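One structure is given below, encoded as structure tokens.
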Amino acid sequence: MPHILITGAAGFIGAAVAQALCKRGVSVVGIDNLNAYYDPALKTARLAETKAVAAGRFQFSEVDFADFDALSAALSGVNFDRIIHLGAQAGVRYSLENPHAYVQSNLVGHVNMLELARARGVEHLVYASSSSVYGANDKIPFAVEDRVDHPRSLYAATKKADELMSETYSHLYRIPQTGLRFFTVYGPWGRPDMMPWIFTNKILRGEPIPVFNHGKMSRDFTYIDDIVAGVIACLDDPPADDGAVKAGGSLSPHALYNIGNNRPAQLLDIIRIIEDACGTKAELNMMDMQPGDVPRTFADIDAIARDHGYAPTTPAEVGFPRFVKWFRGYTGL
């Protein structure tokens with residue numbers, strides 16, 4: 001069995017992937033800087049959950065991968081064959097307030113991981129991109145072949161830059177890489193800065209919820225278990241260095257995939273599902289569109305389905321009540 005390094009291992013997706021791999025018998029090395037972008041207590045709780053299910057196959061180091069010296073020191077003598085690079089400064093709206101955090105984590109940090117992969121000669125680097133790279137794309141569904149030259153936020157711009165840097169390293173050093181454009185991931189252990197947590201929390205507390213663009217929004221909400229299955233399927237099958245065109249158009253061993261649900265849902269419909277799961281009606285505070293946001297996302301998943309058998313199975317009607325149930329248990333609301 002390979003040894004896997006996971007960045008952002010205390011994050012929402014990182015912890016879920018680590019747990020799935022450990023259950024499969026894989027040894028996982030996790031790193032995370034446990035920053036205070038949102039409550040670190042949630043991150044430490046995820047780590048505790050991972051250790052509980054890992055059966056001794058999980059080791060963790062608190063380190064910032066944007067600090068190359070600290071990263072190198074933390075991983076000195078640690079063996080790993082493949083890397084799943086999920087750590088990043090997330091969030092579209094926060095990039096308006098603190099752009100330098102995105103430059104450090106998403107640009108400097110990504111180059112550091114590429115350099116680490118090159119130095120270690122890893123078999124495969126799977127990294128997180130984002131549906132945000134599509135901006136306000138008018139063509140739907142969004143396909144990996146589409147041009148993505150007009151990001152609507154600095155966060156999106158850093159993710160597009162990560163893809164370009166990965167393409168360069170795959171070309172120069174033949175590092176097999178797979179970039180995954182995640183589409184609005186949700187589920188148990190999800191992030192407090194995202195809509196499911198914000199809406200559920202406010203509804204249960206009897207507070208009004210902010211509904212941007214007056215509810216005229218749709219998202220390709222993707223349940224965490226489907227995301228994990230897609231990440232691991234890609235991890236197991238690195239792109240070949242055979243000169244053939246890969247998903248996303250590269251001739252190097254570098255593939256790009258959308259990883260979404262392929263079933264976008266209207267925001268107002270999701271609110272109704274959350275209301276039903278909470279057992280109470282929401283008070284809606286209708287607001288204009290926020291800067292940096294986009295009105296819709298919709299993933300074309302033909303490429304990842306063809307190459308890796310990806311087939312999401314969890315509709316919003318099932319996934320959101322699962323989140324609400326977990327949230328009530330975690331918060332006591």
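The structure displayed is predicted, hence computed values, not measured ones. Here, residue 1 is the first one in the sequence, and each next residue gets the next number.
- Using a 4.5 Å heavy-atom cutoff, the side chains of N98 and Q89 are not in contact.
- Ring pair Y310/Y257: centre-to-centre distance not below 6.0 Å.
- If you check the side chains of T178 and H124, you find a donor sitting under 3.5 Å from an acceptor.
- Distance check, rounded to the nearest 0.5 Å: CG of L34 to CZ of F60 gives 4.5 Å.
- A distance of 6.5 Å separates CD of E207 from CG of N201, quoted to the nearest 0.5 Å.
- From I259, atom CD1 reaches atom CD1 of I301 across 9.0 Å, with rounding to the nearest 0.5 Å.
- Across L5, I31, V108, N33, a single residue satisfies side-chain contact (heavy atoms from CB on, under 4.5 Å) together with F65, and that is I31.
- A donor atom on one side chain and an acceptor atom on the other are not found under 3.5 Å apart for T158 and H110.
- With values rounded to the nearest 0.5 angstrom, M113 atom CE is found 7.0 Å from L125 atom CG.
- Between R118 and E115 there is a salt bridge, since a side-chain N of the basic residue sits under 4.0 Å from a carboxylate O of the acidic one.
- Hydrophobic clustering, with ILVMFWY side chains joined whenever heavy atoms are under 4.5 angstrom apart, groups L268 together with F221.
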As a quick check of understanding, evaluate side chain to side chain contact (heavy atoms under 4.5 Å, CB included) for V122 and R82, giving each step before the final call. CA-CA 5 Å; V122 300; R82 300 183 179 190; 5.7 Å; no
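- Ring pair F323/Y186: centre-to-centre distance not below 6.0 Å.
- R46 has no carboxylate O lying under 4.0 Å from a charged side-chain N of D32, or vice versa, which leaves the two without a salt bridge.
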